[in-house]
Amino acid sequence: MLCQHQPSCPSAADSDHEAARIMAAHPEQGWSLLCNGVIIFEDTGELLPDCSVIEPHRGPAMHVLVRAA
């Protein structure tokens with residue numbers, strides 16, 4: 001694990017792994033490396049340190065949500 005923070009950031013195996021700190025940001029290329037080894041992409045896809053992939057998981061746009069009457 002790359003994280004040296006105290007308290008430690010969530011590991012790549014934790015469900016909240018996206019909460020880890022950014023170690024290297026490349027917005028011009030659309031990705032950032034987190035201190036737990038996870039690479040996050042601007043389309044919300046992820047590449048985990050074990051080379052597994054999490055498909056983009058965007059929710060609906062907030063302006064599209066309509067409250068039921």
Side-chain angles (χ1 to χ4, degrees):
M1 189 155 135
L2 305 170
C3 184
Q4 306 270 323
H5 305 112
Q6 292 299 323
S8 295
C9 292
S11 75
D14 292 336
S15 62
D16 61 344
H17 60 261
E18 294 175 359
R21 293 186 189 181
I22 295 174
M23 299 300 292
H26 294 277
E28 72 282 359
Q29 296 176 353
W31 63 273
S32 295
L33 172 65
L34 304 181
C35 67
N36 57 8
V38 174
I39 298 173
I40 57 172
F41 297 94
E42 70 179 20
D43 70 352
T44 69
E46 302 172 21
L47 179 60
L48 302 179
D50 65 0
C51 296
S52 60
V53 174
I54 296 177
E55 296 293 326
H57 48 280
R58 293 186 211 180
M62 293 304 290
H63 69 277
V64 174
L65 298 177
V66 177
R67 202 173 277 230

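Quantities reported herein were computed from a predicted structural model and do not represent experimental measurements. Along the sequence shown, the residues carry numbers beginning at 1.
S32 OG to H26 NE2: the interatomic distance, rounded to the nearest 0.5 Å, is 8.0 Å. Note that CD of E18 and SG of C9 are 13.0 Å apart. Values are rounded to the nearest 0.5 Å.
Residues passing the side chain to side chain contact (heavy atoms under 4.5 Å, CB included) test with P7: none are found, sequence neighbours excluded. Every residue meeting the side chain to side chain contact (heavy atoms under 4.5 Å, CB included) condition with A19, not counting sequence neighbours, appears here in chain and number order: P10. Under the side-chain hydrogen bond (donor to acceptor under 3.5 Å, both in side chains) criterion, Q29 pairs with W31, sequence neighbours left out. For A13, the side chain to side chain contact (heavy atoms under 4.5 Å, CB included) test picks out S11, with sequence neighbours left out.
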Sequence neighbours excluded and cut-off under 3.5 Å, please list the side-chain donor-acceptor pairs for residues 37-51, or say none.
residue: D43; atom: OD1; partner: G45; partner atom: N; Å: 2.9
residue: T44; atom: OG1; partner: H57; partner atom: N; Å: 2.8
residue: T44; atom: OG1; partner: R58; partner atom: N; Å: 3.4
residue: E46; atom: OE1; partner: H17; partner atom: NE2; Å: 2.4
residue: D50; atom: OD1; partner: S52; partner atom: N; Å: 2.9
residue: D50; atom: OD1; partner: S52; partner atom: OG; Å: 2.5

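Residues E55 and V53 meet the side-chain proximity criterion, which asks for heavy atoms closer than 4.5 Å.
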